[in-house]
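Only this structure's heavy atoms are used, side chains among them; waters, hydrogens and symmetry mates stay out. So that the names make sense, note that chain A is the first sequence line, chain B the second, and so on, each numbered from 1.
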Number of protein chains: 2
Amino acid sequence: MSIDTRRSSLAALAHHADRHPPAACAQCPLRALPAFSPVSAKELAYIQSFRHGSAAFAAGQDVLAEHATSEWLYTVFSGWAFRFKTLSDGRRQILNFLLPGDFIGLQEQFADGAPHGAEALTELQLCRFPKAELWSLYREFPSLGYDLTWLAAREENLTDETLLSVGQRSAAERIAMLLIHLYRRAERVGLVEGAAVAFPVTQQHIADALGLSLVHTNKTLRRLHRLGLHEIADGRLRLLNRHALQRLADYAERPMRTIPLI
Amino acid sequence: MSIDTRRSSLAALAHHADRHPPAACAQCPLRALPAFSPVSAKELAYIQSFRHGSAAFAAGQDVLAEHATSEWLYTVFSGWAFRFKTLSDGRRQILNFLLPGDFIGLQEQFADGAPHGAEALTELQLCRFPKAELWSLYREFPSLGYDLTWLAAREENLTDETLLSVGQRSAAERIAMLLIHLYRRAERVGLVEGAAVAFPVTQQHIADALGLSLVHTNKTLRRLHRLGLHEIADGRLRLLNRHALQRLADYAERPMRTIPLI
DNA sequence: CGGCTTGTTGAAGAGTTTCAAGCTTAGTGG
DNA sequence: CCACTAAGCTTGAAACTCTTCAACAAGCCG
């Protein structure tokens, strides 16, 4: 059986979503994934009413401009994006990558102007929520407020993990960590097909996410590839020796909890 | 007027708290600070009932053990602490420093076991809250749930800022950034007396927070001191040339918003 | 076809780490 | 009261990781 035709049902779901804007929340293909916590019918109905349509961005477009303010909060429906901060001389730090199910905008809600920017890596479909009604959500559905805190805490955990990498791991260790981590996150939302995931991240993105120069990122990536640990070809990432990557990154693969989806 | 006797009333408040465990929330000296958002009488009463006593730690003690689980959430009442993560070979990354008013434990609430450890830097007084009742808080006082999300988002912003430093700034820039940032945070909770703040952070802590070696941290710190930018003496930090530090760190001093205190 | 983006490689240079040693201070116990 | 110890700070020198500079190749698109 060829790799291309052996497409899991989850992957098919996620793949199918790529081209189409999100429909009703009750039919949301993301929500069908085991990665996300179930919600009650009432909660689902409220989420649907909280949602004000959708937004689409082309690859490379700004979703959130740094320091600007926005009226919207978003959930990624399909596609990849990333959050970043820049220094005044142009140096850029990618804070995290955003995959389907990830929430965007909570940090800005509680600051004066977005403390970070966000940019689409691929064509991006987002579910859109008005900030002005966020407080109503807490008042009317405290359980969803609880979920939002959960999502904020999870986002913090992801950043903490990256900070550990950038502060303590060597270049090879950082890259191993990033590859495993992104692969796993993509895997749990059904983006892995035939042991590979569509990978829209350039070497410049990897460099900016890990605090490395482009040249050194390239050389380290090549070294790991030569060692048979991974392969990035035709815009797809494969982990060829997951165990070795984990050992290199000092990464313990623990089962992932289900997370809320708003 | 000598610097030592010119102690602001805020500093006096905070200083007074050092030795005594926190009393009733209505009399909380922290809450009197302009740094924190006001709460209604009902909210205050609920916070008081949510609180289950206090906890004290000596300098160097573990508040949260990495990977362990705890039944408690905390707010720092007085003293300094820090959150950290370690790799299996002992390399340690300090994720953030914790000052009075900072909340501890939200990340753990939504993960299996604390994703990070926390350690006291000084004698530490904490207000203690039972995790088991967290959900009640959201249900009964959604406004406090909203505040918790706010605190989680703020914590994320702090970590994002550090990640930008560690990923993109040079050693000197990182250290300048850290000094300014910690000084400002201490200032807003009334810990600055006579243009100096009690500074319980060792060079090893700075190194671990910024992803630098101890030796290089020392040499860079000395260089900034020789340039007259700062002084750390007798366990107290002074910013001798705040403007130059800000220029070095590419840091724009923006007014800080009031933040919730739970 | 030419221009732009992304990836690749070699060589030189700089920033940072590691190794090693000594200093100061505070605390402890004889 | 002083020797002893431990923790933190300081400094020089050597080694190394990573960055910068420079150049070219491959793929894509108007």
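As a whole-Å value, the separation of A:Arg223 CZ from C:dG7 P is 19 Å. Remark: P of C:dG7 and CZ of A:Arg222 are 11 Å apart, rounded to the nearest angstrom. One can place CD1 of A:Ile175 at 12 Å from P of C:dG7, the figure rounded to the nearest angstrom. Nucleotide C:dG7 holds its P atom 8 Å from the CD1 atom of A:Ile232, rounded to whole Å. Counting to the nearest Å, the P atom of C:dG7 and the CZ atom of A:Phe199 are 10 Å from each other. Taking atom CD of B:Gln204 as the reference point, atom C1' of C:dT17 lies 13 Å away to the nearest angstrom. One atom, NE2 of B:His216, and another, C1' of D:dC18, lie 13 Å apart when rounded to the nearest Å. Atom C1' of nucleotide D:dG12 and atom CG of B:Asn218 are separated by 12 Å, given to the nearest angstrom.
In this structure, B:His116 has its ring center at least 6.0 angstrom away from the ring center of B:Phe84.
A:Ser213 comes within 4.0 angstrom of a base, heavy atoms only. Residue contacts shown for B:Leu212 are limited to sugar-phosphate atoms, with no base heavy atom under 4.0 Å away. Using a 4.0 Å heavy-atom cutoff across all strands shown, A:Gly60 reaches no nucleic acid atom at all.
Counting atom types as modelled, B:Lys219 pairs a side-chain N or O with a base atom of D:dG12 as donor and acceptor under 3.5 Å.
In this structure, A:Gln93 contributes its side chain and A:Ala209 its backbone to a donor-acceptor pair below 3.5 Å. Side chain of A:Glu108 to main chain of A:Pro115: no donor-acceptor pair is present (N/O by atom type, distance under 3.5 Å, no hydrogens or angles).
In this structure, B:Glu161 and A:Lys85 approach most closely via the heavy-atom pair OE1-NZ, 3.4 Å.
Below 30°, between 30° and 60°, or above 60°: for B:His205 and B:Phe82 the angle between ring planes is between 30° and 60°, a tilted geometry.
For B:Val215, whose side chain is taken as the heavy atoms from C-beta onward, the closest listed nucleotide among D:dT11, D:dC18, C:dT16 is D:dT11. Nearest to the side-chain atoms of B:Ser170 among the listed nucleotides C:dT8, C:dT6, C:dT16 stands C:dT16.
At the phosphate of C:dT8, OP1 or OP2 sits under 4.0 Å from a side-chain N or O atom of A:Gln203.
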